[in-house]
Amino acid sequence: MEALNKVFIPEQVEGKWTSKWLNDCCFDKAMDKAKKSFCILMPPPNVTGVLHMGHLLNQTLQDVFIRHARHCNKCATWIPGTDHAGISLQVKIEKELMENALNPREIGRERFLERARAWRDKHGGIILSQLKSLGVSCDFKNQVHTLDESYSQGVLTAFVELYKRGYIYRGKRMVNWCPKTLTALSDEEIIMKPQKSKLYYIRYEVIERPGQFIEIATTRPETIPGDVAIAVNPEDERYRNLVGLHCRCPLNEAEISIIADDTVVRDFGTGALKITPAHAAVDLAISQRHNLPIIDILNADGTLNALAGSEFAGLDRFAARERAVEKLQAIGTLVRIEEYENSIGFSERGDVPIEPRLSEQWFLKYPKVNEAKRAVSEGFIKFYPKHWEKTYLHWLDNIQDWCISRQLWWGHRIPVWYKKNSDRSDSHNLHVSVDGPSDIENWEQDEDVLDTWASSWIWPFGVFGWPDQEKMHREYFSYFYPTNILVTGPDIIFFWVARMIIASMEFIGPNKKSLNSEEIKVRIPFKSVYFTGIIRDKAGRKMSKSLGNSPEPLDLIAKYGADGVRFGILLSAASGQDLIFSEDNLKLGRNFCNKLWNAFRFSRINRAYKPYTKISLADIIAKISIQDLDIDDHAILLNLIKFCSTFEEQMEHFEINAAVNSISSFFWNEYCSWYVEASKTRLREGNKTVSAVHDIIMRQLLLLLNPFMPFITDELWNMGEHDQHSMQNVYCETSQDLRLAFGILGLDKTATNMVTQLKEFLNLSRRLISQSQELKERTSLLICPKNEIARRVVGDYIPKLQKLVGIEKIGFTNEILQFSSVQTSLGTVYLHVERINAAEEKKKLTLEIEKLSKLIRLNKIQLSNKKFFSHAPAHIVEGAQRMLRENTFKQEELRKILSTME
RNA sequence: GGGGAAUUAGCUCAGUUGGUUAGAGCAUCAGCAUGACACGCUGGGGGUCACUGGUUCGAAUCCAGUAUUUCCCACCA
């Protein structure tokens, strides 16, 4: 038998188990109809992504769920994948090209895509392989990528179907335009950022009344050449007499009219609003109501065009703003400039202010919105924490059509073809299908691709090969769908979660206009959604690579071990709260692993040992001689059942942090600190019963801990075994199983209470001892038991007490002694030392008596209240009465001791 | 402007449907090489449960209001 290291060294076992798990195909998807299915779909990380702190938390949680399910005898599958990351990879490749002095738009679509694919194939798998070092148990052989042939068929089918069903349309509308990445974006991709900007007050001369001006306020003076009107509120007295007149645009001398519209806010700025329909959504709405023209003065890249006038054409929008201000100042129409704080939308990827722009795009009017709401509000899909339901429902209540086309190359090209050289707006010249028209040479395909989220939204069934029925059958769709739990961040509740629910409502099952509750129930993509918190640094900022405040996860794993990191991060993850990351918790995780390692090492050193692969719970129990079980054995086994039952409940409610705390506290406090210490002597003597009890506890702990720390537990489980096999599919006995299995042992339920009293007794004795300066060899403990039961319990325990308090001389007394003492529920404990400071002792006693008096007084007040008796439940009243009795007893004892000292 | 969440020990957080004297870990202080573990063991100190009212025999917990922090949503240019 090889000697175990004093310290657990993660790298000695992690690599070994990672490859063993993969070689043994431990995680491969399979169907076992005899078992219940349990399925998790991994939120596909971007192929451009690298492992960050969020993944660490998110993936660990998923792994805990999936491994726990395996121990619960379920057929569990976790399907991983990657997202093609539309804009993100497009930008990356463009940058790469530009660094090589190549113009992306010049090399052409096909060559661009070749490069993008090459990049993906080379780097795209990195993130999943990084996950291996964390020990995740997903089915690596069954990875799905959103641009896979089969998955793409699903994406396009969804588009075509929605088009046929009348939900997808093409239209010229105001969209969020990113002048950097040159594409339209959805509302969700816009990040509002507060900005320190300026409000410019500018006057326009009223043509009909020379010398009279109307003053407006704007943050964007460069758009003045695009003005088509000035609008005021019809109720506004100041401007009423100007409505219907005209004024002159200060920059280009154009004549525009003054109109009235009741959406204009009177008390903002001057109450007069310049209308620039091509560059502001509100303005567009007003201009449409008044049949005004639209003058678009901006190019796609954010520079101004010829319509802005020769002076401005070609200038970037921000440069144009400066130029406009200069000019307005020069001609004397700029009245004043005010500092002004407003929020401006930025594009997520380009990180530049977005430009509201009129353009021709594809839009989706969301189907099954009502059903998607009911799926959650009627409880078919449960959110953890529940309060996210409100956010979800609120979004669906205010949902806007989704701009799904992107002016990019990397992605799913929109499956729409136009007849060559024909009017695209005529629907007869349009072909919409997955495979394209048969006479494809006469058609040209839409240039745009779909928003990435318009591909990942079919993830829950796309990964199973939808709509290919045969493939879905091969992939066990009907067995695994709906999946059990989705683990993700609340930041993508709209981007992804809500849209997946909508897609599932629309596409699972036959095409129907509306669904009843039963139909909703079978269509849901997942039964539960677990929203993780966001990981923040100590200053409360979100951890991100770009901020530079995020540690490198792989470094952390190298430093603390994968098990330690997993355990540590779960310790910090209070349910549903954002979590402040600190390495201290990882240290705790590492320490926990080490403690587990050493608890096991202790077992191996002190007794005959057989690997857990070779023995079942029943085998272990069979080794117990019932007459050998002592009070601690009874108590720890009963405690184990209780703890398991708590643990099960917590896992069931996804209270992972609480479950980690329970298991940690049972292992460390109940098992290591109490039971191991209390049973040491008997174990060393070779007592087979004690050895078996240790085995029961350790075996159960390994099974329960395996989902949280798979490496160390598999290693310990297989320790001493040549032919090693992962423990992951070993059934873990439930608290109910344990209760039944322990039935033959006839466990004494009073043991728990007695051990609790002994713990108190021990703690108070230790405190008493530590307060004395005397050497332990020169002291002894004398116990005056409260009654005969206490005398027997303590008497039986003296051999253990000697070890636990570190004092050899422990005896009984029936007298009141003038020693330092403490009151316990088993009786008075005296510390017999050679010298005692009487004055000090008296002071201590008096203080203690006073403290008790206070408690007794409060107790008496409560018990003298008649309403307390009539309202409070019996056990509370009894508790109060018992408390009064005990405190009174203790106080009397203390008084007796004090009186002998007077 | 609308909504969510949070506020408990120096720090990070537990605290079930109101019920005995509010807990844990970290940090801190004191002691300890005790034949599993110093990544450990033993003990100590530390809290007016954000504030103000209310309900109740009883409130960290329920209700109302206030304050602070934080996140999301929203077309005041």
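Values below: all heavy atoms of this structure, side chains included; hydrogens, waters and symmetry mates excluded. Each chain gets a letter, A, B and so on, in the order its sequence line appears, and its residues count up from 1.
- Taking 4.0 angstrom as the limit, Asn598(A) places none of its side-chain polar atoms (N or O) nearer than this to OP1 or OP2 of G40(B).
- The phosphate of C37(B) has OP1 or OP2 within less than 4.0 Å of a side-chain N or O from Lys6(A).
- If you check every strand for non-hydrogen atoms under 4.0 Å, Cys672(A) touches a base.
- Closest to the Phe268(A) side chain, of the nucleotides A77(B), U42(B), C71(B), is A77(B).
- Between the P atoms of U16(B) and U8(B), the separation comes to 16 Å (whole Å).
- Using a 4.0 Å heavy-atom criterion, one finds that Asn398(A) contacts no nucleic acid atom at all.
- Taking atom P on both G15(B) and U61(B), the two are 15 Å apart, rounded to the nearest angstrom.
- Between the side chain of Asp283(A) and the backbone N or O of Thr276(A), at least one donor-acceptor pair lies under 3.5 Å.
- For the pair His875(A) NE2 and G58(B) C1', the interatomic distance rounds to 13 Å; values are reported in whole Å.
- For Asn763(A), a side-chain nitrogen or oxygen approaches OP1 or OP2 of G43(B) to under 4.0 Å.
- Trp668(A) has no side-chain polar atom (N or O) that falls below the 4.0 Å cut-off from OP1 or OP2 of A36(B).
- In this structure, Ala599(A) reaches the bases: a heavy-atom distance under 4.0 Å links it to at least one base atom across the strands shown.
- Residue contacts shown for Pro356(A) are absent, as no nucleic acid heavy atom lies under 4.0 Å away.
- The distance between atom CZ of Phe495(A) and atom P of C73(B), rounded to the nearest whole Å, is 9 Å.
- Ala280(A) comes within 4.0 angstrom of nothing in the nucleic acid, heavy atoms only.
- For Ile580(A), the side-chain atoms get nearest to U12(B) when compared with the rest of A77(B), C72(B), U12(B).
- Among the atoms of the strands shown, base atoms are found under 4.0 Å from some heavy atom of His871(A).
- Comparing atom distances between the Arg882(A) side chain and each of C57(B), U20(B), C39(B) picks out U20(B) as nearest.
- Taking the six-membered ring wherever Trp is involved, the centroid distance between the rings of His694(A) and Tyr671(A) falls below 6.0 Å.
- Within 4.0 Å of Ala281(A), counting heavy atoms only, lies no atom of the nucleic acid at all.
- At least one side-chain nitrogen or oxygen of Tyr340(A) sits closer than 4.0 Å to the OP1 or OP2 atom of A77(B).
- Between Lys680(A) and A36(B) there is a side-chain polar atom (N or O) within less than 4.0 angstrom of OP1 or OP2.
- Inspection of the Asp187(A) and Asn176(A) side chains reveals an N or O donor paired with an N or O acceptor under 3.5 Å.
- Considering only side-chain atoms of Arg766(A), the nucleotide from U42(B), C73(B), A36(B) that sits closest is U42(B).
- Within a 6.0 Å radius of CD in Gln881(A), other residues, nucleotides and ligands contribute more than 12 heavy atoms.
- The residue Gly879(A) sits close to a base: some heavy atom pair falls under 4.0 Å.
- When distances run from any side-chain atom of Lys595(A) to the nucleotides C76(B), C41(B), G19(B), the shortest one goes to C41(B).
- The base of A36(B) sits with one of its N or O atoms less than 3.5 Å from a complementary donor or acceptor on the side chain of Glu677(A).
- Of all nucleotides listed (A36(B), U21(B), G40(B)), G40(B) comes nearest to the side chain of Asn591(A).
- Of the candidates C73(B), G40(B), U21(B), C73(B) carries the atom nearest the Phe494(A) side chain, counting heavy atoms from C-beta on.
- You'll find that the side chain of Asn594(A) is closest to C39(B), out of U42(B), C39(B), G19(B).
- Residue Asn342(A) places none of its side-chain N or O atoms closer than 4.0 Å to OP1 or OP2 of C76(B).
- No more than 12 heavy atoms of other residues, nucleotides or ligands shown are found within 6.0 angstrom of NZ on Lys642(A).
- Put simply, Arg684(A) has a side-chain N or O that comes within less than 4.0 Å of OP1 or OP2 on A36(B).
- Proximity of the aromatic rings of Tyr609(A) and Phe600(A) is defined here by a centroid distance below 6.0 angstrom, and this criterion is met.
- When the nearest nucleotides of RNA chain B are assigned to Asn887(A) and Leu199(A) by heavy-atom distance, the more 5′-ward of the two goes with Asn887(A).
- In summary, the side chains of Lys274(A) and Thr223(A) do present a donor paired with an acceptor at a separation below 3.5 Å, with no hydrogens or angles considered.
- Here A77(B) is the nucleotide among A77(B), C57(B), C73(B) with the atom lying nearest to any side-chain atom of Val264(A).
- Heavy atoms of other residues, nucleotides or ligands lying less than 6.0 angstrom from NZ of Lys587(A) number 12 at most.
- Using modelled atom types and a 3.5 Å distance limit, the side chains of Tyr204(A) and Glu215(A) yield no donor-acceptor pair.
- The side chain of Arg767(A) places an N or O atom within less than 4.0 Å of a non-bridging phosphate oxygen (OP1 or OP2) of G44(B).
- Pairs of Watson-Crick or G-U wobble type, with distances under 3.5 Å, assemble into runs of 3 or more in RNA chain B at these ranges: B:1-7 with B:67-73, B:10-13 with B:23-26, B:28-32 with B:40-44, B:50-54 with B:62-66.
- Aromatic ring centres of Phe383(A) and Tyr530(A): separated by at least 6.0 Å.
- Of the candidates U21(B), A38(B), A77(B), the closest approach to any side-chain atom of Thr219(A) belongs to A77(B).
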